[in-house]
J.: 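Got a structure here, written out as structure tokens. Questions coming.
From a predicted model like this one, the values you see are computed outputs, not experimental measurements.
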Amino acid sequence: MTQSKDNLEKTRELISEESMKDLLTKQLEIVGSSGAFVWAIFFLCVTPNILNGFHVSSYTLLGHLPEDQWCGIDELRNTNWTLAQKRSISEHELNSGGCTVWDWDYQQLSQMSYEAALNYTSRMAAIKQPTVVSCKAKGSYEYSHPETTFVADWELTCERSIQRTSAQVSLSLGKFCGSFTFGILADKFGRKTSFTLGAAFFVLGSIFCSFSPWYSLFLIGRFALGAASSGLFYPAFTMIVENICLKHRSWMSIAFSASYPVGMILLAIAGYLIQPWRYLQLALTIPSLLLILNCYLMNESPRWLITKQRYDRVYQILFKQPSHYEVQPTIAPATEIVSDKKTLEPIPNDSLAKKLKNGPLKSIIELFANPKVRKLIFTSYFMFCVTSLSYYVTALNAANLSVSRYLYIIATGVVDIPSYLVPVIMLRYTGRRITTMFLFMWTGVSLLLVLAVPAGSTTWIVAFAMLGRFGISATYSVVTLYTAELYPTEIRNSALGTCSTWAHVGSISAPYVVDVLGALGWYIPTTICGCCVLVAGLLTLTLPETGTGHLSDKVEDASAANEATESKPEKQ
């Protein structure tokens, strides 16, 4: 057996590194245009994004405010009064949602009949109004359907209502940290490695959220879900961009983004059928176990493996057989060795700064070291931040409508799905830059048209806001594709990851824009988003067109391509 392996090694054909790269790149273009390779990547990368639609939007169903909440007075529990009679005594005309009660002597009132207690409290109130105290001082919170929301489990209401919001904030913070971390990991250790780690976080986070007895552990689970969503999204999306030909890349990337609202629609259906929040969370957890199968069947990105000089592995993936080539190592010229005596000297130990520069921070440094790439990355950061801010602001403004939360989530998903069809058509005929600019302008104008609508015309205000949401959802999918194509392979995932970090700055800021600035004027949030989106549309015109089908692998190649693009108008 060992002898046959040795014979195989001896019979391997020598090939130069450049020739091997050309061979593998050409084969990747062939298999990436049709066949099982394309569809395997598509389904293995798209299906996990449906899970992101589950958990990112699940807060609306899992943590909604109770439909009816009141204060259960301890001393009145053993009376024969009805619930309405107890509330008429303790909460008469307070309208605090059960957060406060009147400071009566409830021990004394419990010895009376309801009619006697009502007459007594009415007579005493006419003489001197009692003070208002917190419900916790006299009893405890009670709810009509406590099993439908985690708010009831941990009493995240009234003075603790801010802690309810932390469930969504922890998810956003997880996405903020995960987008940065998993982007670096994907460039350093591979797309599949980053995806597998994200899948592990996703499963563990889901389990924590389903069975957590403490709110702090529940928040840790939400943070893990947020971080994992980035670990599933960006490596998978990069796999599609890197390995699928231009013919399929556009519609597959749009379909990838459209899988998110599909998850939202399925979430709403599951939430309607499964009312207890823990059972609903468990129902959302079970599909995440399928990620184990995704990780087992998924191959590493061939294009990333080529940049890491792992040619045998790429050959195995593309040709479905072991490589019979031996890559000939590049040998430095002999004159260089003889003339330069320093090459014979031992290499000194690198400093810690140099090790970091050439190690885990290399891809991040390269985003800012080259002036051409630096201009691209700052523009991309602004585009992502504004897009995310506008997306979540329109979502939060629409949520203030008095509609069923199940219908609202379904409506949001239904609006988002067709918004991904517009870019598919536009990308086919107008290219990346013009499509992105047009959709930014569409969104900005739609949001600013809210200013032209009278304050009382709620239907028209919501219509223009949803038109803006339609536009910003379409913009989100195109911006992600456009950004992925702007950067070379060796820093692509770091660029996407850091761009996602800035996107989450926008998503975290959105509630403050809606709640704080919206309190000053209902039109301010949409006006701010409309203006910022228009600026992003103008900045898009400074970016190069990437719809040529050629993806650069090295930073130097990307810089040269940008210079060539900028020089074209001058020649004309």
Side-chain angles (χ1 to χ4, degrees), residues 42-43 45-47 49-54 56-57 60 233 237 240 248-272 383-384 386-399 401 403-432 434-450 459-482 503 507 526 529-530 533 536-537 540 547:
F42 178 72
F43 285 110
C45 293
V46 168
T47 49
N49 200 40
I50 297 177
L51 302 180
N52 286 339
F54 283 175
V56 173
S57 303
T60 306
F233 182 92
F237 186 82
I240 291 178
H248 299 299
R249 191 188 305 155
S250 296
W251 74 263
M252 282 191 176
S253 65
I254 300 302
F256 182 89
S257 299
S259 61
Y260 174 83
V262 171
M264 296 174 61
I265 295 174
L266 295 176
L267 164 69
I269 296 173
Y272 182 78
M383 290 164 57
F384 266 74
V386 166
T387 302
S388 183
L389 174 68
S390 301
Y391 183 88
Y392 285 99
V393 163
T394 54
L396 291 174
N397 275 347
L401 300 174
V403 295
S404 166
R405 56 183 177 272
Y406 308 107
L407 292 177
Y408 169 71
I409 295 177
I410 290 179
T412 304
V414 169
V415 167
D416 283 353
I417 289 178
S419 69
Y420 296 115
L421 301 179
V422 173
V424 172
I425 300 173
M426 293 189 64
L427 287 172
R428 188 176 184 87
Y429 298 103
T430 61
R432 274 48 166 167
I434 299 301
T435 299
T436 306
M437 184 273 294
F438 174 80
L439 292 174
F440 269 132
M441 294 298 179
W442 169 311
T443 304
V445 171
S446 299
L447 294 178
L448 290 178
L449 281 175
V450 174
T459 302
W460 282 104
I461 292 173
V462 172
F464 282 124
M466 288 297 98
L467 189 62
R469 179 175 178 81
F470 181 93
I472 204 63
S473 298
T475 306
Y476 224 139
S477 61
V478 176
V479 165
T480 306
L481 170 64
Y482 193 16
S507 64
T526 52
C529 292
V533 165
T540 304

J.: Going from OG1 on Thr436 to OH on Tyr482, what distance comes out if it is rounded to the nearest 0.5 angstrom?
T.: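 It is 6.0 Å, given to the nearest 0.5 Å.
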
J.: Please check if the side chain of Thr394 supplies one atom and the backbone of Tyr391 the other of a donor-acceptor pair under 3.5 Å.
T.: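 Between the backbone of Tyr391 and the side chain of Thr394 there is a qualifying donor-acceptor contact (under 3.5 Å).
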
J.: Would you check if the side chain of Thr443 reaches a backbone N or O of Ile472 as a donor-acceptor pair within less than 3.5 Å?
T.: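 Present.
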
J.: Would you give the length of the straight line joining atom CZ of Phe237 to atom CE of Met252, rounded to the nearest 0.5 angstrom?
T.: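 It comes to 12.5 Å.
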
J.: Which atom pair, heavy atoms only, marks the closest approach of Gly413 to Met264?
T.: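 Closest heavy-atom pair between Gly413 and Met264: N-CE, 4.3 Å.
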
J.: Kindly indicate whether the side chain of Phe256, heavy atoms from C-beta on, has any atom under 4.5 Å from the side chain of Thr480.
T.: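 No. Closest side-chain heavy atoms not under 4.5 Å.
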
J.: Rounded to the nearest 0.5 Å, how far apart are OG1 of Thr540 and CE of Met437?
T.: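 Between Thr540 OG1 and Met437 CE, I get 8.0 Å after rounding to 0.5 Å.
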
J.: Taking only residues two or more places apart in sequence, or in another chain, which ones meet Ser446 in a side-chain contact (heavy atoms from CB on, under 4.5 Å)?
T.: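 Counting only residues at least two positions away or on another chain, Ser446 forms a side-chain contact (heavy atoms from CB on, under 4.5 Å) with Trp442, Leu467.
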
J.: Any idea which heavy atoms bring Gly537 and Phe440 closest together, and the distance?
T.: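 Result for this residue pair: CA-CB, 3.6 Å.
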
J.: Within this structure, what is the OH-CG distance for the pair Tyr260 and Leu51, rounded to the nearest 0.5 Å?
T.: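 Nearest 0.5 Å value for the OH-CG distance: 12.5 Å.
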
J.: Going by heavy atoms in the side chains, are Leu389 and Cys529 under 4.5 Å from each other?
T.: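 Leu389 reaches Cys529 side chain to side chain.
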
J.: With a 4.5 Å cut-off on side-chain heavy atoms, are Arg432 and Val478 touching?
T.: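 Result no, sub-4.5 Å side-chain heavy-atom pair not found.
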
J.: Could you pull out all residues at least two apart from Phe384 that satisfy ring pair (Phe, Tyr, Trp, His ring centres under 6.0 Å)?
T.: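 Expected list: none.
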
J.: Any side-chain heavy atom of Val393 within less than 4.5 Å of one from Leu447?
T.: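 When only atoms from C-beta onward are counted, Leu447 and Val393 do not touch, as no gap falls below 4.5 Å.
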
J.: Count the heavy atoms belonging to other residues, nucleotides or ligands that lie under 6.0 Å from OH of Tyr272, then report whether that count exceeds 12.
T.: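 Counting neighbours around OH of Tyr272, 12 or fewer heavy atoms of other residues, nucleotides or ligands fall under 6.0 Å, so no.
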
J.: Determine whether Arg469 and Asp416 make a side-chain contact, defined as any pair of heavy atoms from C-beta on separated by less than 4.5 Å.
T.: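 A side-chain contact exists here, since the closest heavy-atom pair is under 4.5 Å.
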
J.: What are the two closest non-hydrogen atoms of Gly444 and Val533, and how far apart are they?
T.: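 Nearest heavy atoms, Gly444 then Val533: N-CG1, 3.6 Å.
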
J.: Is Ser473 reaching over with its side chain to a backbone N or O of Phe470, donor-acceptor style, under 3.5 angstrom?
T.: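 Between the backbone of Phe470 and the side chain of Ser473 there is no qualifying donor-acceptor contact (under 3.5 Å).
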
J.: Going from CE on Met441 to OG1 on Thr475, what distance comes out if it is rounded to the nearest 0.5 angstrom?
T.: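 If we round to the nearest 0.5 Å, Met441:CE and Thr475:OG1 are 11.0 Å apart.
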
J.: To the nearest 0.5 Å, what is the distance between CG on Leu266 and CD1 on Ile410?
T.: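 Answer for the CG-CD1 pair, Leu266 versus Ile410, is 9.5 Å.
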
J.: For Leu427 and Trp251, what are the C-alpha separation, side-chain angles and deciding distance, and is it a side chain to side chain contact (heavy atoms under 4.5 Å, CB included)?
T.: CA-CA 9 Å; Leu427 287 172; Trp251 74 263; over 6 Å; no

